[in-house]
Structure formats: C-alpha cells, structure tokens
Amino acid sequence: MILEKKFDFKNRENKIYNFWAKNNFFSVDDDYNKKKFSIVMPPPNITGKLHMGHALNLTWQDILVRFKRMCGFNVLWLPGTDHASIATEIKILKEKNISKKNITREKFLEYAQEWKEKFESEIINQIKKIGSSCDWNELNFTLDKNINRAVNFVFEDLYNKKIIYKGEKIINYCPNCMTSIADAEVKYKEDNGYLYYLKYFLKNSSDFLVVATTRPETIFGDSAIAINPSDIRYLSYINKKVIVPIVNREVKIVFDNYVDINFGTGVLKITPAHDFNDFDISQKHNLKIINIFDDEGNLNESAGEFCGLNVSLSREKIILKLEKLNLIIKKEKIKHNIGIHERCGEIIEPMVKPQWFLKMSELTKPCIKSYENHELKFFPERFGEVYLKWLNNLNDWCISRQLWWGHRIPVYYCETCGEILVNQEKILSCKKCRSKKIKQEESILDTWFSSALWPFATLGWPDKTLDYEYFYPTDLLVTGYDILFFWVIKMIFSAFEETKKLPFKNVLFNGIVRDKFGRKMSKSLDNGIDPIEIIKNFGADTLRFSLSINAGTGSDIKFNIKDLENDKNFCNKLWNASKFIIDIKKNNLENNIRSSKKNNVYDFDLDISDRFILSRANHIVLNVTQLLESYEIANALKKVHDFFWYEFCDWYIECCKIKIYLNKNKSCIWILYDVLIICLKLLHPFLPFITEEIFLNIQDKEKSIMISCWPECNNSLLDLDSENNFEFLRSIIKTIRNLRSEKNIHPSKKTFVHIILNDKKKEEKINQNKYLFGLCGINKIFLDMPENKKNMVRQITDDFDILLSLDGLIDKESNISILEKKYKKILKEIERSDKILSNKEFVKKAKKDLVELECEKLRSNKELLDKIKKEIKLNYDRRS
RNA sequence: GGGUGCAUAGCUCAGUUGGGAGAGCGUCUGCCUUACAAGCAGAGGGUCGUGGGUUCAAGUCCUACUGCACCCACCA
C-alpha cells in the first residue's frame, strides 16, 4: 500500500470514526473479569454548541481512555448531556418569543423536548467530531427516566433522614424569571446610586437617629435598626424604640457587631426579608420578617399606597414623599455593587420564601476525611486546598427552583388534610385521610441535584446492576476547575451519602481556554473560537494536538489560531515520514515478508544507529507510559513528539537513507517500520485519526490501532552505551556542520577532514564511517594532525580536535573568529570552576564526586584552552 | 476583606529531590539534498519580577514587596 500525498482529514476523519463505531470499538467488553477503567463524561448542557473548554475536556478524556483501552483495560467512558434547567428555559422562551404567563406547563415541556432532541443530537455530533471514543450505547441525559428514578429515590431518602427540609430562609430571587436562583448565578455589577440619609424618630420624642440607605423603598420591610455596641455615639439609645418613617411602625434598636461604625452614620436599618445580612441579624435578635414584594418584584400590600409599583418607580415616589415630610437629611452619590441575574440581566431581589433545602453540615464530613487520608486525589494537588475551604464554608443548599424544565420535586400535598407526602413514586391519594385531592409540589430541583448523582445514577443505581457493581466507583473524573464547587463536591457528598463510596478516586482538572490575549472567551467580547470550525480547517488531530501540548494540568491555555499552523506541521511530518517508510519498504523488500525478527530479537547485525534508535524508542515507551499514568498529558505528548521528530526523523531516517541508497544493508527497514509502529501507537491517543489511517495502510495484521496493544518496553534493547556512542558521532557531525555553516560552504561541496580524538579507542567508530560521509559533506577522513594546517578551519573540543579543509571552497579567511568564540566560552567555564573550587567550604561540604568532577573539568578545560590559544596564535602568525 | 495561582529569551511555555539556564514559534544566515520548503542545516538572543534570608551552592527553599490573573465574600 502507499499513502496519498497528504492526509485528507476532511474526508477521512468522519469515515474513520464511523469505522470504529461500526465495529463497536467504543463499547465496553462483555468480559467483566478483566480489569476495568471507568470514567463518566461531564455532561455538556443542551443549551447550544460545544465551546473550546469542552474540546479540551473531551480531548483529555479521550487521550486517557484510548491509552487505557490499549493497555488492555475494559473501558467504560459514559457520555451524556445535561438539561440545564434555567439556561435552557430562558433560551426556549427567547427562541419561541413567549412568556410563561401565556403558556401551560405541558405545552412548554413539549417545546423543551423538541429543543432537547435537536440540540442533543447536534452536541453528540460535535463530540464525535473531536474523536471521542465514548460508549454511545451508554448515553444518558440528566432528565432520563433512570436518572429521575434515582433523583426521587435520593430525595425521599434524604427527606426521611431530615437532610432535606422545607424552610423559609432568605434566597436570591429573580423577579423576571420568577424563581429562586443559585448564589453562583448572581453576578455583581458596579452601579452609581445614592445614599439617602433618613430620619427615624425615637418613639414619643423629637429626637431622631439618621439611617443611611441606598434602598429607601424597603422601609416597609424594616423590623429594627441596628447599631454597633461599641459605637459610643449611641450608648444612650439602649432599650429605645424608633418609628419607621411613612410606615409609622414602632421597631427596636438592636446592637450588633456586624454594623460598621464608619459607614454612613453607623446606624443601619434592618430589612430581614430582603437582605442577607439583615436576615442573619434578624435571626440573632428574633426580629419579624416582613416580605414586601410580590413574585414579580413589585411592592405588595404591605407598602400601602405604593402597592403594585416596581422597585425603581416606588423608590422615586417614596423619596418624593419623604422629602415632602422633611425626613431626608441629605443624599450622596455612591458607587456600590448590585446583584444581577447572569442569565437574564434582571436585578435580583433577595427574598424570604418557602423553599426546599439540603442540610450540609453532616454530609461534608466524609468528603473531608477521604481527602485527608488520600483516597481522593486531585491533579494538580493544590485544588485540595480549595476543596477543603469550600467544604468548611458551606451553607445549606437551596435545591428548589420555580421552573418547569427539570425534575419535579416528589412532594405531594393533600388538599384535604394538609398532609405533606414525600414519595419517590407518584401518589394518588393521601396516606392519612385517603383523600384523592392531591397536588404535587410545583417546584423543580436545581439542575445540579441531578448532576450530583451522575456517576452512579447513570450506572443503574439504585438497582445493583452489573454495570454498577463492576464500574462503580469510577476511576477518574476529568473536569474544569471552575466547577469544583458546583459539581465535583456535590457528586462526592451525594455519593458518600447514597452509595457509601467515593464516586471517583482521582480528579484531573483542565484549565480554561482563553483567547490569545489571555481573556476568557465570551459573547460580549466576541472572541469565542468554535472548535468545530477549527476541525473543519485543520482537522481534529491538529486541534487535539494543540490542546494537549499546550495545556498543563489545572492551568489555563492561551489559544492562538496562528499556532495551529505550526501544530499542523507535526501531523504533516508524521504523515510524510510514514509515507517514506512505506515507500521504501515496498521498493526495497521484494517479498515484504518478515523472516528476520524472532521473539523480539533482530537476527541481523545492528549498527550503531540501529542500536541507538531501538534503545531510545524503548526508553520513550517507558517514559510516555509513566507520564500518561500520572495524567501528564502535555509532557507525554512532548516526549513522543521530540523523539519522533528530532531523533527518529532527523537522525535515524537520515542514517537509513545512507545505508539504503548505498545499497548496503537494507534490513534497517524493519527497524524503521518497527519504530514507526511504536510511535504511531504512542501517538494514537493524541492523534487518533491520522495514526489510524497510517496504521491501516502499513500493516494488515491488526484491524485497528485503537484496539491494538500499547507498546511495551523491551529491556533487551535498552542500551545506554550505544546511545552514548551515537551521541558522540552526532557531536562530531554537528561540529563539522557548524564549521561548514560558519564558513558558508555550499552543501553540495565535499571536503576532507582531520579528526583527532582524545580517546584513541573511539577511532574505529568513526573511521570510514558512512554517516560522517553522508551527513556532513565529507569525502575523506584522516585521523591524524595534518602537517600543513594552512587553509583549514579548526574546532577544538573536550573530546576531539577537528580540522576541516577549505581547499578550493572559499576565500582564504582565517578561522580566528570561530576559535575565539570557543576560547571565550571555555575561559568562562574555567573561571566558574576556579571560583567554586577555590571556595574551601565547597570542597569541604559538597559531595565528593561532585568536587572531583569539577576538578576534572577544570583540568581538561585548561588543557583545551591551551590548545586553542596556541592555534589562535598560529593563525595570527600566519596572517601577518 | 479572605484565598489560590502566576512572574524564566521578542511571543507561548518546560525546568522532577537545590549542584554547569531549555524547547517551540518569531528573528538572522545558508540550502528546493530523490518523505516533508508545512522542510533541512546553522546562528544570535535571558541579572530567571524586586529586596532580604537559609546554604559551600538558589530559577528551585523561606520571607517581604511589586505587578498580573482567577476564585470566594461583600459594599446598609
């Protein structure tokens, strides 16, 4: 077979993917006695398309999954998508241009289902384009029946354990979306507002306290004013009461350290229902909670004449009225932060509303313990600190949302007797009074409640299925560090509580893909890069290469499209080298049948380059395997990349060409072939498509590279001596090339060289060496010092002395400059050694072999310097 | 306000237990040498953010500072 001139990734990638899928290479093996490797995919939201972060995350997972599969594990990589309740709801409403007021829940859910079908399949296609080798038979969606079953099971269980409770606490509320929202969905924006100084008269007195507030419209909710107990200005107000303006309600003055003496007047109005800190203070001082807003964020009847007005309108009118009543002392401009709902842009309103909560205090204990005793590991480790910090600062989690697209809370209310029934199965009649007037809770669960069960709910839990028993707990989670709190922690405590096990042993964090300036990709900056576009233009392999070689664990990537041009080159190099090897094998080995390799041992004579490359290749196998096992993706790829390009292509292939073109020994073709196969396999996890295409074209024993065996290190081929010998040869070649380049000798011009070795034993290695002839334009080698050094350039090193003839090649310029450069370098090294060795402390305290080494260096460098000095002098003499 | 990370060549980043500063890209020079000009060969380029400390020895450990990024809390 031969390879096309170029790899046609546009056509081939899809076909190769389909070939894998058709042959079920992605699926788990039926043999559940094998060692397993399981990993669940962080489910992308069905809100749109995949972004670069997904591409990075999927690439990393796929690399490790393909690696493990080739290592012989029974691999489960379980794919899925997330319903993303609020995000999807908003998108659907926007797309259909409808409001939830004008549509029934059922109709809306129909739309949502349509949306899901459409976007899920789009996202799945994108996941495939990246090359993800996940098991599509195991596809899950966070709203699937089996997940719903697990969700209801957990809800009932946690309710019975009193971990889930219904309560009235302050929560973030979006008046536009009319639902409680997660704290994380509140983004803060700087706002130019005013600080109003209002008079609060003391009861039955003309004395008043001045309260500074940015929100005068919330006075209807005031249930106290607060002062710092150490604020000496207000000591006389203990046990006094004040009258809330306009409302004319009598409220207490409470003393609390929370109040900042230096802000405003040091007097704070307390509105427990609409401010988190005020709520806390109200709990401590047992204050009344007065809700003053309706569900749409307008003032309710507690605001009297202002009832029905929205925040900004009511603020205007109340200020007018306060001014009229002479209750405003002054107003100041102030910059402060206001909370915005990140998904719809509305100003959020903290509210006290009945919601469902999950009590955190007990759940976190095993999470902390499992980290502290190293059962749970983070890569990189530092995220453990972040993890612990989160766990130690958790508030109870508000899990209910007033939305439609999600798991409806399995709580039923008897409309006859008021009984609250919590049951995983649907309830048709009241257990207490048998009434059939049963109404299910309207709220749904926070999206993360179902995602928290992902690693086990997807495996059939709460049933003890075969899959669950075999694949759970999973081995690894690969995810972005930005969802450590939202997702990772929630999975861990849910898993501990429900399955009594850690859901995964290791967590590998990928970073964020940023633009070339280091900015986050976002719609507002319009700097997003679509991974699918990149794949169209460069191929999935190039994208994967770029995302792997660039990315350290847990650190962000600056992604520059310009770099892709370079990354593409590696695929090209791989392709061309393979093409060359295939061609040369076909043209030079008639029967193409191997008779020469038995039991992994070559029975033909190996020369210095053969031994070198075989040893190096086996070292690389060791290194790369070890690096992948510790999830060092970038370093692993770099290792193969460097070996392939700078050792195999630059040196070994070049050596082989010489042998083959000279019609000498052609058995090296088998080594070319073997090392190529090793490289292809080592590269396959990173570049699955191109390696498969090549693999299928160069051999017919195995059906696919993705199910072939990971290379093993053949210890009998490890050979440090040969590596060193070849290195020695290389340094001679490089020195000669350097001299030629400095002297501008055209590559086609041959010349002769004198090489004088310090170690005469090595002479046989270089004498008449074909590689020296072939790789640096030499036509004759002498091993002695020439009698006439005229018209020669010279380089002197530790190991050898090289004189290159310039006869008839260039003008007769001397080589003083080359030697002087070297002289300076050696001088610097001598100075360094001198300095260290003249330090008595060093000689006394440093390790002995280190001192000896330094002495030896100094000695040989001095010798070298001497030689160079003489040579320079000679050159000058000759010139004058 | 609390926390984490980063600072090394013009750019992007490696640098494992402290023991002679690395790569790729870009730049410069020479080459279309029968796999690859998306290539080959060669060269130049760094007071390792600043100041202190530990040590015989610091890019590496400690400390203070500066700058940048991010996370959390929050501004009545």
Any [X] side-chain N or O less than 4.0 Å from OP1/OP2 of [N]:
X: A:N738; N: B:A43; answer: yes
X: A:K389; N: B:C72; answer: no
X: A:H336; N: B:A76; answer: yes

RNA chain B: 5'-proximal contact among A:T214 and A:K558 (nearest heavy atom): A:K558
Interatomic distance, [X] [atom1] vs [N] [atom2] [rounded to whole Å]:
X: A:R514; N: B:G5; atom1: CZ; atom2: C1'; value: 11 Å
X: A:N560; N: B:C25; atom1: CG; atom2: P; value: 15 Å
X: A:D834; N: B:C56; atom1: CG; atom2: P; value: 21 Å
X: A:I736; N: B:C40; atom1: CD1; atom2: P; value: 21 Å

Go through the N and O atoms of the side chain of A:K638 and the base of B:A23, and report whether any donor-acceptor pair is under 3.5 Å. no
Test for a donor-acceptor pair under 3.5 Å between the base of B:C56 and the side chain of A:K844, counting only N and O atoms. no
Counting any heavy atom closer than 4.0 Å, what does [X] reach on the DNA or RNA strands: base, sugar-phosphate only, or nothing?
X: A:N572; value: base
X: A:F7; value: nothing
X: A:W575; value: nothing
X: A:Y188; value: base

Side chain to side chain, A:I690 and A:W575, heavy atoms closer than 4.5 Å: yes
Under a 3.5 Å limit for both distances, which nucleotide forms a Watson-Crick or G-U wobble pair with B:A21, could you say? none
For A:E385, I'd like to know if atom CD has over 12 heavy atoms of other residues, nucleotides or ligands within 6.0 Å. no
